[in-house]
Every structure is written in C-alpha cells, then in structure tokens.
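If you read the sequence from its start, that first residue is 1, and numbering goes on from there.
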Amino acid sequence: GQTSQPSPRANGGHTSLRWTPTRIERRVHATQRFPGDTTWTGPASISVVHRSWHGGRTTIWQFADAPSDTFSQKMRATQTPRVLDTRKAEAYRVHVIESAFSLHVTGTMFAIVAPVVNKIRSPGFMPLLDVLPWIDFREIFAICSYVLLLCSTHAREAYVAKYYELSCELLNWLGMLSRCATARHTPGLPWGLIRLGSLVASAVGARYERRKQWKMTCLRLACACVIDAHLKKKHHPQFRDVPAIELLTHETIEGAFYAVLCLGTQFWLERIDLRNFEETW
C-alpha cells in the first residue's frame, strides 16, 4: 500500500514564493518549537525568491501570511482578530500581485516598445500642451517603463514590497498622456482600437487590488476626457465649430464605457484571485 508522507508544513518545513522567468509560486513558511507543538512562535511569511541562472536562489523579500492547513488554523486561534485581518489583507495583496506579475512585466516591455516604435515612425516632437512645448510624453513613457522593468528585475524586493502600486499608476498615467499627445498630432490613426487595446492591457497588466485602484482609474479616465475634448476643440479643424460642452459630453460617454470595461475586467480577474486565495487561506 501507499505510505502517507507528512506535510512539510506540519513540522517546521517551509517552502517559498519563487520567482522564475515565467511565474511566481506562492508558498508558506511555518515553524514549531518541537514536533507536535501548536504554539504560534513567530509570523509565517511569504517570500519572493529569485532563482539565478546558475541555479542558486536568493530570498529578496518576506511578507506576512499564514498557512492553510490544520496547524495554521490552530496558530490563528491564538491571534487577535485585528492581527488576523491585517495578516490576511497583506497576504491577499501578495496573492493579487502574484497573479498579475507576469503580465505586468510583459506589459512593461510593451510600454517600452510602443512609444519607441511610434517615435521611429513619427520622429517629430509631439508636445501634449502648448504650455509644455519641451515635453514629449512618448519619450518619458519609454524611459520610465525601462526603469521600472529594471527595478522589477534587479530590485524586486523594494519594487514588490513598497512600490508596485505606484509603478502601476505611473505606467497608466504616462500611457494615457502619451496617447493623448500622439492623438493630437496624428489624428488619422485608428484611435478607437488603440485606446481599447491599451485599456485592456492596463486592466490586466497594471492592476492591483480593485478596492484601492478604482478611484485612480476613474480619475485618470476623467482627466483623459477633458484633455481629449480640449485638444480636439483647439487643434482639429473638424471640431472647431462643435460646442465645447458637446465635445466634453461625447468624451465623457466614451470615458464611462471605458471605465466600465476596465473595472469590469478587473472585477472578473479579482473574483478568480479571491476564490483561489480563500481556498488556500
């Protein structure tokens, strides 16, 4: 017959959240003072582990979490509700980042390529506003995306632990400003499809917890509506005779559609994240 093997979590065994070129695996650390001990002796943790090309690995970040087996339930029984809620919230943040991280890295790569290709095809300077004639947001978008890609690769500890949400918002806002600037100077491109594609890419690759992100998403799309209406009124001859309020209303309706699409996509993805998280917590 088969011989059952004890779980590595039960007697001080540990595993870790591991980075590879293609994925992150979420695992758990737990400790006991001696076999059979059910006293909580220290915080369980999730660790981001970097696997180097020569096969070694270096732990670069730890984050509070708790195991999901019977031992973890006994340990959790000794914690206050506030401690448990904090630990669970922190663990869920890690879970969402883990779910989105590979697409986040891929999206950051595309955020480098897209403005560079556009700059090669249209090498002229493209300022967004006349009051800022020295700023081409395509260049800023490409440079910042490259820096963020380096940070996510070589400074993953600080990037994930402290700056992941800020990085997502930086990508989203610079991408929006770059698109508005390019649309001002090249109105003949299929901007409906381009904007739709970039929005879906943002929703899946530059996302974090929806309860924290939705306000920034709505604010960004509202700013895009105002900027687009202003640029069309001032720089596109076919819209100069259209009342500004009518242009703004049209852009607001489009913005509402994009907001529903973006938040709906994030809601769907986060439902999957939440279900998987609750199964292992």
Side-chain angles (χ1 to χ4, degrees), residues 107-151 163 165-203 205-208 212-259 261-263:
T108 307
M109 293 178 182
F110 277 105
I112 300 170
V113 173
V116 169
V117 171
N118 185 268
K119 185 70 174 180
I120 294 174
R121 291 172 57 89
S122 303
F125 204 74
M126 293 186 179
L128 175 62
L129 302 173
D130 293 336
V131 295
L132 301 172
W134 59 88
I135 296 180
D136 188 337
F137 278 102
R138 297 177 301 170
E139 300 172 356
I140 298 175
F141 187 33
I143 294 171
C144 288
S145 299
Y146 179 68
V147 172
L148 292 178
L149 182 62
L150 291 179
C151 292
Y163 303 112
E165 290 84 354
L166 178 61
S167 300
C168 288
E169 290 303 333
L170 188 62
L171 288 171
N172 287 332
W173 281 88
L174 289 178
M176 181 270 288
L177 294 173
S178 177
R179 177 197 61 80
C180 290
T182 308
R184 168 188 169 179
H185 296 275
T186 55
L189 295 177
W191 285 109
L193 292 177
I194 293 174
R195 189 175 184 185
L196 183 64
S198 62
L199 191 80
V200 173
S202 169
R207 71 180 179 96
Y208 48 97
K212 299 178 181 178
Q213 191 176 17
W214 73 269
K215 292 181 181 179
M216 293 301 295
T217 298
C218 293
L219 178 61
R220 185 180 75 253
L221 292 174
C223 290
C225 292
V226 175
I227 293 173
D228 286 333
H230 170 75
L231 294 178
K232 286 181 179 180
K233 178 69 176 178
K234 187 172 182 179
H235 299 287
H236 298 173
Q238 65 270 32
F239 295 108
R240 287 179 181 170
D241 295 332
V242 180
I245 189 64
E246 184 176 336
L247 278 175
L248 184 59
T249 301
H250 176 75
E251 293 296 332
T252 302
I253 294 173
E254 283 192 3
F257 166 75
Y258 290 129
L261 177 63
C262 182
L263 296 176

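Looking at every heavy atom in both residues, Cys218 comes nearest to Leu263 through SG-CD1, 4.1 Å. Smallest separation of non-hydrogen atoms from Thr252 and Cys225: CA-SG, 3.9 Å. Annotation for Thr108 and Ser145: closest pair CG2-O, 3.2 Å, computed over non-hydrogen atoms. Here the closest non-hydrogen pair linking Lys119 and Gly124 is NZ-O, 3.9 Å. For the residue pair Ala259 and Leu221, the shortest heavy atom distance occurs at CA-CD1, 3.4 Å. The heavy-atom pair separating Cys180 from Asp228 by the smallest distance is SG-OD1, 3.4 Å.
Between the side chains of Glu254 and His250, at least one donor-acceptor pair of N or O atoms lies under 3.5 Å.
Under the 4.5 Å side-chain criterion, counting only non-hydrogen atoms from C-beta, Leu248 is not in contact with Lys233. Contact check for Leu231 versus Leu128: side-chain heavy atoms found under the 4.5 Å cut-off. For the pair Phe141/Ile143, no side-chain contact is recorded, criterion being any heavy-atom separation below 4.5 Å from C-beta on. At least one side-chain heavy atom of Leu196 sits under 4.5 Å from a side-chain heavy atom of Leu261.
Within the model, atoms CH2 of Trp173 and OG of Ser178 stand 14.5 Å from one another, a figure rounded to the nearest 0.5 Å. A distance of 7.0 Å separates CG in Leu129 from CZ in Arg184, rounded to the nearest 0.5 Å. Going from atom CG of Leu247 over to atom NZ of Lys234 covers 14.5 Å, rounded to the nearest 0.5 Å. Expressed to the nearest 0.5 Å, how far CZ of Arg240 lies from NE2 of His235 amounts to 9.0 Å. Note that the CZ atom of Arg121 and the OG1 atom of Thr182 stand 12.0 Å from one another [nearest 0.5 Å]. Distance check: Leu171 CG to Cys144 SG gives 8.5 Å after rounding to the nearest 0.5 Å.
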Q: Give the C-alpha distance, both sets of side-chain angles, the deciding distance and a yes or no for side-chain contact (heavy atoms from CB on, under 4.5 Å) between Ser122 and Arg138.
A: CA-CA 11 Å; Ser122 303; Arg138 297 177 301 170; 4.0 Å; yes
Q.
side-chain contact (heavy atoms from CB on, under 4.5 Å) for Ile227 and Leu177? Distances and angles first, verdict last.
A. CA-CA 9 Å; Ile227 293 173; Leu177 294 173; 4.0 Å; yes
Q | Step-by-step side-chain contact (heavy atoms from CB on, under 4.5 Å) determination, Ile253 to Thr249 | A | CA-CA 6 Å; Ile253 294 173; Thr249 301; 4.3 Å; yes
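Side chain of His185 to backbone of Pro127: a donor-acceptor contact under 3.5 angstrom is found. Of the possible donor and acceptor atoms, none in the side chain of Ser202 sits under 3.5 Å from a partner among the backbone N and O of Ser198. In this structure a side-chain-to-backbone donor-acceptor pair under 3.5 Å is present from Gln213 to Ala206.
Residues passing the side chain to side chain contact (heavy atoms under 4.5 Å, CB included) test with Ile194 are Leu189, Pro190, Trp191, sequence neighbours excluded. Contacts of Arg220 classified as salt bridge (Lys or Arg N to Asp or Glu O under 4.0 Å), with partners at least two apart in sequence or in another chain: none.
The local environment of CZ in Phe125 is crowded, with over 12 non-hydrogen atoms from other residues, nucleotides or ligands closer than 6.0 Å.
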